[in-house]
Amino acid sequence: MSKSTPLPAILLLVTGTVAACGTGDEETSVLDAGTPAFAIVGATVIDGSGAEPVSDATVVVRDGRIESVGASAEVEIPVDAEVLDAAGKYVVPGLINAHGHVGATLGLEGGHYSRENVLRHLQLYASYGVTTVVSLGGDEPAGVEVRDEQDTSSLDRARLFVAGAVVTGDTPGAAIEMVNGNAAMGVDFIKIRVDDNLGATRKMPPDVYGAVIERAHELELPVAAHLFYLEDAHGLLDAGADFIVHSVRDRDVDEGLAERLVEADVCYSPTLTREVSTFVYESEPEFFADEFFLASAEPGVLEALRAPESMARYRESESAQRYKEALVQAQRNLGALSDAGVTIAMGTDTGPPARFQGYFEHMELALMAESGMSPMEILVAATGDAARCAGLAGVGTIEAGNWADLIFLSADPLEGVENLRAIESVWIAGNEVPSVSDIP
């Protein structure tokens with residue numbers, strides 16, 4: 001769909017007929033309206049808040065933002081507006097990945113961080129309907145610059161928020177120095193890893209992560225914590241961590257953790273596809289035949305992952321097999337925490353090699369459904385709640401004042417999250433961007 005190029009059955013430029021919706025002098029109304037608007041009319045809008053869908057809705061967009069939204073009978077269409085006839089379609093907010101990474105991967109190699117690569121990754125995310133990415137680690141000044149350029153109605157790629165370097169250190173002083181460096185670069189979050197990589201490395205101790213959290217809060221920066229073990233989840237809550245950005249994977253969560261997360265209003269991002277990526281290439285994955293995946297897959301990457309020696313490395317990896325078991329535990333814990341009322345934020349940890357940006361977000365949604373979450377719960381976790389958990393303003397829900405970051409779907413996502421793949425078009429700040437079906 002395009003605001004500027006009419007397409008059959010979806011775009012209707014209304015001229016004189018729209019004037020009937022206005023009041024007073026038409027010329028004055030147009031002048032007062034400022035930037036020309038467009039109105040999406042007739043779609044079912046699912047706004048990302050958890051509210052019931054609104055059928056035959058109208059969304060008015062001006063200057064990249066939503067001006068008004070509601071039942072068509074209750075929304076006045078500005079006299080200067082183009083009208084997009086979206087009858088029979090479903091409109092949802094753009095998806096938010098609350099834990100991704102951008103800029104460093106090229107093919108199956110890391111270490112290629114550049115402005116060009118950051119923008120390429122953000123375009124890829126956007127093509128799959130992921131319109132905002134919270135990058136939790138590995139971010140460099142070029143990413144900050146890209147973030148600083150996105151507060152504009154001309155935006156045509158996914159939004160980016162950054163954490164800078166993942167904070168490490170054997171002592172509080174060393175770790176605090178990294179916090180200060182990230183803050184000086186202008187990051188949105190501080191990210192720490194409290195994990196021993198299945199016993200292979202030394203875990204950040206409580207006195208160090210406590211000092212990091214204290215200093216970050218002095219700088220008014222929220223702290224996102226990578227973890228694996230239930231014990232560390234409790235320790236991080238004791239220290240005041242703001243966001244848990246991986247699943248507890250060593251054992252079943254206890255009732256106390258759920259109660260503490262709810263009481264402290266700390267969100268939980270399961271990143272289930274992170275586990276998938278550690279073992280799925282031990283044989284050729286089924287999704288290698290999925291057209292939705294192949295639309296953006298690089299042939300050379302697929303060839304390398306299909307190589308017998310590559311598959312053998314995954315099969316023979318002890319950690320891969322342990323992470324395979326950890327996925328089962330993670331899904332069980334996600335179901336338990338969601339049922340207990342913990343706020344879930346969709347996140348994937350995509351961006352490193354073989355964690356495919358865009359496609360893996362849709363895989364994550366399917367794994368969340370397998371874990372027992374309903375389609376509405378999943379949609380909210382990937383939109384409104386993801387925005388709230390990450391402290392992002394202006395995105396996540398379809399409401400007046402927010403950016404017009406939208407996905408048009410040909411199927412009802414509340415009948416199954418697989419319908420979020422039925423993308424007809426993706427819009428960021430009211431600008432249509434190539435959907436995955438449009439990728440050459």
Side-chain angles (χ1 to χ4, degrees), residues 1-3 6-7 9-24 26 29-30 32-95 129 131 374-380 382-385 387-388 394-417 419-420 422-432:
M1 296 187 317
S2 169
K3 302 199 303 293
L7 294 175
I10 194 65
L11 178 62
L12 174 63
L13 177 59
V14 178
T15 54
T17 57
V18 175
C21 298
T23 59
E26 179 180 336
S29 298
V30 171
D32 290 346
T35 307
F38 68 96
I40 302 158
V41 176
T44 296
V45 170
I46 307 170
D47 70 6
S49 73
E52 289 296 312
V54 178
S55 59
D56 189 15
T58 291
V59 182
V60 177
V61 176
R62 188 187 301 276
D63 200 24
R65 292 186 181 267
I66 298 165
E67 188 171 86
S68 57
V69 57
S72 292
E74 300 172 1
V75 175
E76 183 176 345
I77 300 176
V79 295
D80 65 329
E82 293 182 7
V83 174
L84 281 69
D85 178 4
K89 309 303 177 186
Y90 297 84
V91 177
V92 300
L95 304 179
T131 58
S374 72
M376 178 64 91
E377 289 171 337
I378 294 167
L379 179 61
V380 172
T383 55
D385 277 354
R388 185 177 69 80
V395 296
T397 54
I398 302 175
E399 62 180 295
N402 276 5
W403 288 107
D405 296 355
L406 309 168
I407 309 174
F408 286 67
L409 302 168
S410 61
D412 184 356
L414 300 186
E415 291 185 354
V417 292
N419 288 341
L420 284 166
I423 298 172
E424 292 214 345
S425 59
V426 179
W427 302 71
I428 296 175
N431 304 300
E432 186 175 2

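Starting from 1, each residue takes its place in the sequence as its number. Only this structure's heavy atoms are used, side chains among them; waters, hydrogens and symmetry mates stay out.
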With a 4.5 Å heavy-atom cut-off, do [X] and [Y] have their side chains touching?
{"X": "V417", "Y": "M376", "value": "no"}
{"X": "V83", "Y": "I77", "value": "yes"}
{"X": "F38", "Y": "V59", "value": "no"}
{"X": "I40", "Y": "L406", "value": "yes"}
{"X": "V395", "Y": "T131", "value": "no"}
{"X": "T44", "Y": "D56", "value": "no"}
{"X": "V69", "Y": "V75", "value": "no"}

Backbone N/O of A87 and side chain of D85: donor-acceptor pair under 3.5 Å: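 Yes, D85 side chain to A87 backbone: donor-acceptor pair under 3.5 Å.
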
Donor-acceptor contact present, side-chain N419 to main-chain D412, <3.5 Å: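 Side chain of N419 to backbone of D412, a donor-acceptor pair under 3.5 Å: yes, one is there.
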
Criterion side chain to side chain contact (heavy atoms under 4.5 Å, CB included) against Y90, the qualifying member of S55, S410, P413: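 One option only clears the test, and that one is P413.
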
Partner of T397 under side-chain hydrogen bond (donor to acceptor under 3.5 Å, both in side chains), chosen from T383, N402, D385, D405: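 Testing T397 for a side-chain hydrogen bond (donor to acceptor under 3.5 Å, both in side chains) against T383, N402, D385, D405 leaves exactly one candidate, N402.
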
Distance in Å, L95 CG paired with I378 CD1, rounded so as to fall on 0.5 Å steps: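 Here the rounded value is 11.5 Å.
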
